[in-house]
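See structure below.
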Number of protein chains: 2
Amino acid sequence: MKSSSLVSNNVTIFEVASQAGVSYGTVSRVLNQDQHVKAETRERVMKTIRDLGYVVNRQARSLAGGKTHIIGILVPDLGTGYIGEIIQGINTELQIASYDLMLYTTHRTPVLEADYVASLAQGMVDGLLLVLPRNPEDYIGILNSRHFPFVLIDHQGIGQNCPAVGATNWQGAYNATEYLIQLGHTRIGFITGWMDLGAAVDRLEGYKAALWAHHIPFTEDLVRQSTFHQLDGYNCAMDLLNQPVPPTAIFASNDVMAFGAMDAVREKGQRIPEDISIVGFDDIPQASIIHPALTTVRQPLRNMGNVATQMLLELLKNPDTPTKRIELPTGLVVRDSCQPPRG
Amino acid sequence: MKSSSLVSNNVTIFEVASQAGVSYGTVSRVLNQDQHVKAETRERVMKTIRDLGYVVNRQARSLAGGKTHIIGILVPDLGTGYIGEIIQGINTELQIASYDLMLYTTHRTPVLEADYVASLAQGMVDGLLLVLPRNPEDYIGILNSRHFPFVLIDHQGIGQNCPAVGATNWQGAYNATEYLIQLGHTRIGFITGWMDLGAAVDRLEGYKAALWAHHIPFTEDLVRQSTFHQLDGYNCAMDLLNQPVPPTAIFASNDVMAFGAMDAVREKGQRIPEDISIVGFDDIPQASIIHPALTTVRQPLRNMGNVATQMLLELLKNPDTPTKRIELPTGLVVRDSCQPPRG
DNA sequence: TTGAAAGCGCTAACAA
DNA sequence: TTGTTAGCGCTTTCAA
């Protein structure tokens, strides 16, 4: 028999106690590494636990003790790999701390986000990681007033004073734009993200700032409002390319929109990067796989997951940890989708 | 105030009962849609619940009632989008049935898989969805003997008699190979998956069968054993291409290895599909994004998630449902990575 | 139709 | 160092 821990069903602390000839309080002490147990007794109890294949019932434990050792994570969806990377980062930290992970996809039911949060905060999880929350204002105030621990990931809400980790979106956009300018581009199209998100605003501002710094006039004609989705990226790029004087480069606010833009360029019979340069944002796994490999602004997604989780675990240990927002650095990843403009 | 459900902390069934002027048993009845409550009383209790912002404590409920309304899902990792698709399918069904999802990544701790399963089965979740399990034999027997409900996803274990959903791997590989043959290819390289997995074996067999059916001799020289990873796909493809008489087409057992193969072809200075045709398997989201778009065998990943979840929920409702294995159809998706061989 | 009360399996405070 | 016991918040009999 390889592992005895699965052998029997419904072994409780009572069976263990009677088998080992102790009270069940003592078994509980052994389980919780309480020092006040004679080494010999501990030994005997542990052996019984192994023999019987006892496994604690976490429902009962948390009912009695108040902690579930589960972290809830709310994500909008799992589509692009963007979220997957963040989850990997979270998961790594959680495993180290031996917490479990409860995953909630708000994808299909944005309206229910607040209700999810309600039920989760009600004893289901010890803390919450909110990835790209849609309308955090709906519940953050209440979470705060309950002193329920949570950390926001990748939501640069303006003026909100709560624990959060994000990335230097402004700087990333600035650098990417500057890179295109230094290649010689002056007509640089920009496709925004969903402007409700602070990150999208920051990226646009970084773009504007770089133009300004290099004395290139900003014009709305080169900017298209979009939604972070591939198809919209395609449409916006089409629109940009159909102008009388089209841009020589397009900077999309995320990678999947950049993929959409690439589709548009090809459909117009043009080549990347010979005719049009393309830059994305995020550096999701696909970015390096696609051909030509996409030059993009790297977001430290995995690391954002790590850091956010560490913050949350710290908050769990010490609820009075002062609130902080962490911005992790982005970096330009130069690949094959850009070159100087023709002529 | 938008939602009152988050307003107060720790409202229990007791407060609701005293506020509404009933016993807490009655509140419980209302909560559980018990018919034996006067409409008027029900009304009053429901109003109180709303007013107080009461939310049930699921830990307590499951301790008392035995059900958690949580489904556990074990996945190897979240890297490629492959798993993400399956999870989306699972999640959709779970939301409909209002079950919660507990996600376990066995990625970094394959050894612990059996222990996870132990703790989960011990009251933490009502049922288990095992995606691409590594060594199911370690615990499946025990799960079975405990009558703990579970469904395997995408594991074509040989001779195992347990609930499972998979895809028609043999047929998919057969069709893809036949497609290449009909284009005129006769030297078709094949890169296998991790041969511990039944799916990988089936794909290889499908390939062989198609060759056989078209009177093309099978030779080991054109087959490379691999692991489902991109880098190994690259290496195997390199190896294949470096042969004295290289293949004119390469069929990889999954998409990410096909991506690796594409890298190898390019590194050899050859073009796809002009010089070498490439076929993958899975049809993960990246397959259509990459350039040239990958011709591949579509696995109905999302649908596999749906179906598996439905099976599990059925099993939960009626534990005596006869065990069945479902094979969902694969389909060839023709894109731009193949053409007839040169000359 | 409702109330009362016995657990579910465990933690933690209190006694011994 | 160990035993005893009061809950944790709820479901579910059993009575009324």
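Lettering follows sequence order; numbering is per chain, from 1. Here the structure is a predicted model, which means the values were calculated and not measured.
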**Prompt:** Is there a side chain to side chain contact (heavy atoms under 4.5 Å, CB included) between L103(B) and I87(B) once you walk through the steps?
**Reply:** CA-CA 9 Å; L103(B) 181 74; I87(B) 296 181; 3.9 Å; yes

**Message:** Can you list everything that forms a ring-ring contact (aromatic ring centres under 6.0 Å, His included) with Y104(B)? Sequence neighbours excluded, please.
**Reply:** Y116(B)

**Message:** For nucleotides 11-16 of chain C, give me one character per nucleotide, 5' to 3': B if any protein heavy atom sits under 4.0 Å from the base, S if the only such contacts are to the sugar-phosphate, - if neither.
**Reply:** B-B---

**Asked** Taking DNA chain D as the partner, which of residues 34-43 of chain A come within under 4.0 angstrom of it by heavy atom?
**Response** H36(A), V37(A), K38(A), T41(A)

**Complete:** Rounded to the nearest 0.5 angstrom, the CG-OG distance for L52(B) and S18(B) is 8.0 Å

**Request:** Check L132(A), V75(A), I90(A) against I153(A) for a side-chain contact (heavy atoms from CB on, under 4.5 Å) and give me the one that passes.
**Result:** I90(A)

**Sequence neighbours excluded, every pair satisfying salt bridge (Lys or Arg N to Asp or Glu O under 4.0 Å) that has a member inside residues 89-103 of chain A** = R58(A)-D100(A)

**Boundaries of the DNA chain D segment in contact with chain A, non-hydrogen, under 4.0 Å** = dT1(D) to dG9(D)

**Heavy-atom side-chain proximity of F150(B) to L315(B) below 4.5 angstrom** = no

**Asked** Do side-chain atoms of Q95(B) reach the backbone of T105(A) as a donor and acceptor pair under 3.5 angstrom?
**Response** yes

**Message:** Could you check whether any side-chain N or O of T48(A) sits under 3.5 Å from a backbone N or O of R44(A), counting only pairs where one atom can act as donor and the other as acceptor?
**Reply:** yes

**Fill in**
Those residues at least two apart in sequence (or on a different chain) that pass ring-ring contact (aromatic ring centres under 6.0 Å, His included) with F148(B) are none

**Main-chain N/O of E314(A) paired to N318(A) side chain as donor or acceptor, under 3.5 Å** = no

